[in-house]
Colleague: 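Please read through the structure below; I'll follow up with questions.
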Amino acid sequence: MKPPKRLKSLIEEGLIDAVVRQLTSGKEAMVYVVRCGDETRCAKVYKEATQRSFRQAVDYSENRKVKNTRQARAMAKGTRYGKQAQEAAWQSAEVDALYRLAAAGVRVPRPYNFHDGVLLMELVTGADGDAAPRLNDVVFTPEQARDHHATLLTEVMRMLRAGVVHGDLSEFNILLGADGPVIIDLPQALDAAGNNHAARMLVRDVENLRGFFGRCAPDLLDTDYGHEIWDLYQRGALHMEVALTGRFERRTDAVDLGSVMSEIDDARAEEAARRLRLQPAP
Ligand SMILES: Nc1ncnc2c1ncn2[C@@H]1O[C@H](COP(=O)(O)OP(=O)(O)O)[C@@H](O)[C@H]1O
Ligand SMILES: [Mg+2]
């Protein structure tokens, strides 16, 4: 096909030889099948911030690494330079996450290059050798569903051990490659240790897996792996050999009684002060 504008500079640089076809046009990106030498790869072209949907929210970008404090200040102020820096941070977050996760042994597309807002990566292929389907487009037997669910929990644990929470994990962002599930779409990935929303996002990711595979294997529906995994992580006990139970009892001994008591004292003092203010002046 005639190469789209956004891919021209990659052709000029010799990173791409030809554009074969457009794979999808999602909310946040357009994805193309491209030829590089004698390999077929995948090019993800990020849309401009204004054309994107919700995901570049504060939740996700909290504690995202930036190069320097000038950038951080500009981003906080929302100046033009700040917006550009934020845009670049968003786009490069995906390639950073891919390198980090591939190194940690998570099955993600192999990244090749990131150039001019375009991510060049491995084209994940299915059993037929063509672009792999998303889980959402596949029907599973209960055994297959339980199997893939278990595999993906292991991947979530591996990601977490590498310090990453996907943040948008679902049947739409997992492909069924010839060798099993492959996790994609990571520009919103969160820093597990530095982001206050990481726990909530991890639990949501795992609940999405439960909800999807639970349609084919209903026995999965009353499991709670998300809280269990996060609890292990927080206690420094998330090893790959750990046998998950799918059960999670909220541990009452973890409550910090001292800080609860001082909260109550603060509330009492505030209330007393309020009453004093309400009293008519003598
Ligand atoms: N590496 C890849 N190999 C094969 N198909 C891919 C690959 N990356 C993305 N796709 C296809 O493109 C679609 C959109 O990509 P994704 O990264 O999820 O972007 P977004 O959802 O933000 O538009 C995916 O659902 C998938 O069908
Ligand atoms: Mg997606």
Side-chain angles (χ1 to χ4, degrees), residues 28 53-65 89-90 93-109 134-136 145-175 180-215 217 220-252 254-256:
E28 332 254 320
S53 50
F54 65 99
R55 279 192 299 175
Q56 196 170 11
V58 192
D59 281 13
Y60 289 111
S61 47
E62 188 180 288
N63 202 41
R64 182 152 282 173
K65 306 273 178 301
W90 163 262
E94 178 153 35
V95 70
D96 292 348
L98 286 177
Y99 278 114
R100 194 152 151 197
L101 294 176
V106 181
R107 182 64 180 101
V108 290
R134 301 180 302 185
L135 290 189
N136 182 55
R146 277 190 286 268
D147 226 42
H148 290 315
H149 180 256
T151 305
L152 285 161
L153 284 184
T154 311
E155 293 287 75
V156 165
M157 286 164 63
R158 224 174 250 133
M159 288 174 71
L160 192 52
R161 281 170 54 85
V164 178
V165 173
H166 187 291
D168 192 19
L169 193 64
S170 75
E171 61 273 28
F172 302 101
N173 286 328
I174 304 171
L175 304 179
V182 182
I183 294 171
I184 62 164
D185 202 2
L186 289 136
Q188 75 295 315
L190 303 142
D191 176 7
N195 188 307
N196 289 320
H197 308 281
R200 188 162 53 84
M201 295 295 184
L202 179 106
V203 168
R204 195 179 67 175
D205 282 355
V206 174
E207 284 176 355
N208 287 344
L209 296 177
R210 176 182 68 192
F212 175 72
F213 289 113
R215 284 187 233 155
L220 292 175
L221 291 174
D222 56 50
T223 59
D224 185 3
Y225 289 102
H227 287 104
E228 184 182 11
I229 291 174
W230 185 263
D231 181 60
L232 288 165
Y233 168 71
Q234 242 185 347
R235 292 191 282 122
L238 187 63
H239 310 296
M240 291 313 294
E241 308 75 41
V242 76
L244 298 177
T245 64
R247 308 262 157 267
F248 180 70
E249 309 282 333
R250 261 161 248 291
R251 299 186 324 151
T252 43
V255 174
D256 174 1

Colleague: Could you state the interatomic distance from CE (M201) to CG (N196), rounded to the nearest 0.5 Å?
Modeller: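 Result: 11.5 Å between the selected atoms.
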Colleague: Using side-chain heavy atoms (C-beta onward) and a distance below 4.5 Å, is N208 in contact with F212?
Modeller: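 N208 does not reach F212 side chain to side chain.
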Colleague: Side chains of V206 and V156, heavy atoms from C-beta outward: is any pair under 4.5 Å?
Modeller: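 Yes, their side chains come closer than 4.5 Å.
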Colleague: Could you check whether any side-chain heavy atom of F213 comes within less than 4.5 Å of a side-chain heavy atom of L135, counting everything from C-beta outward?
Modeller: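 The answer is yes; the side chains approach within 4.5 Å.
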Colleague: Under a 4.5 Å cut-off applied to non-hydrogen side-chain atoms, are H227 and D231 in contact?
Modeller: no
Colleague: Would you call L160 and V165 a side-chain contact if the rule is heavy atoms closer than 4.5 Å?
Modeller: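 Yes, at least one pair of side-chain atoms sits under 4.5 Å.
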Colleague: Not counting sequence neighbours, list each pair that qualifies as a side chain to side chain donor-acceptor pair (under 3.5 Å) and has a residue in residues 237-246.
Modeller: E228-T245
Colleague: What pair of heavy atoms forms the shortest contact from I174 to P181, and how long is it?
Modeller: CG2-CB, 3.8 Å
Colleague: Say you draw a straight line from CD of E155 to CG of L209; how long is it, rounded to the nearest 0.5 Å?
Modeller: 11.0 Å
Colleague: For residues A162 and L101, report the shortest heavy-atom separation together with the two atoms involved.
Modeller: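 Minimum heavy-atom separation between A162 and L101: CB-CD2, 4.4 Å.
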Colleague: Using a 3.5 Å distance criterion without hydrogens, assess whether the side chain of T223 forms a donor-acceptor pair with backbone atoms of Y225.
Modeller: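 A pair under 3.5 Å: no.
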Colleague: Which heavy atom of P109 sits nearest a heavy atom of I183, and at what distance?
Modeller: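 Nearest pair, atom of P109 first, then I183: CD-O, 3.3 Å.
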Colleague: Within the 4.5 Å heavy-atom criterion, are Q188 and E28 side-chain neighbours or not?
Modeller: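 Contact flag for Q188/E28 side chains = no.
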Colleague: Starting at CD of E94, measure out to CD1 of I184 and round the result to the nearest 0.5 Å.
Modeller: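 Between atom CD of E94 and atom CD1 of I184 there are 8.0 Å.
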Colleague: Where is the tightest heavy-atom contact between A192 and W230, given as atom of each residue plus distance?
Modeller: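 The answer is O-CH2, 3.7 Å.
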Colleague: How about H166 and V106: do any of their side-chain heavy atoms sit closer than 4.5 Å?
Modeller: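 No, every pair of side-chain atoms sits at 4.5 Å or beyond.
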Colleague: Minimum heavy-atom separation for L190 and G167, please, with both atom names.
Modeller: CD1-CA, 4.2 Å
Colleague: How about D222 and R247: do any of their side-chain heavy atoms sit closer than 4.5 Å?
Modeller: yes
Colleague: Answer yes or no: is there a donor N or O on one side and an acceptor on the other, between the side chain of D168 and the main chain of N173, under 3.5 Å?
Modeller: no
Colleague: Could you tell me the separation between the CZ atom of R161 and the OH atom of Y233, rounded to the nearest 0.5 Å?
Modeller: 11.0 Å
Colleague: Which pair of heavy atoms, one from A198 and one from D191, lies closest together, and at what distance?
Modeller: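 Closest approach of A198 to D191: CB-O, 4.1 Å.
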Colleague: Donor-acceptor pairs are to be reported for all side-chain atoms of residues 145-153 against protein atoms at under 3.5 Å, with residues two or more places apart or in another chain.
Modeller:
{"residue": "R146", "atom": "NH1", "partner": "D219", "partner atom": "OD1", "Å": "2.9"}
{"residue": "R146", "atom": "NH1", "partner": "D219", "partner atom": "OD2", "Å": "3.1"}
{"residue": "T151", "atom": "OG1", "partner": "D147", "partner atom": "O", "Å": "2.9"}

Colleague: Could you grab the distance from atom CG of L232 to atom CG of L244, nearest 0.5 Å is fine?
Modeller: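 Between atom CG of L232 and atom CG of L244 there are 6.5 Å.
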Colleague: Has D224 got a side-chain atom pairing as donor or acceptor with F248's backbone, closer than 3.5 angstrom?
Modeller: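 Side chain of D224 to backbone of F248: no pair is present.
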Colleague: As an exercise, state the distance from CZ of R158 to CG of L238, rounded to the nearest 0.5 Å.
Modeller: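 Here the rounded value is 11.0 Å.
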Colleague: Using salt bridge (charged side-chain N to carboxylate O under 4.0 Å, His left out) as the criterion, list what pairs up with R100, not counting sequence neighbours.
Modeller: none
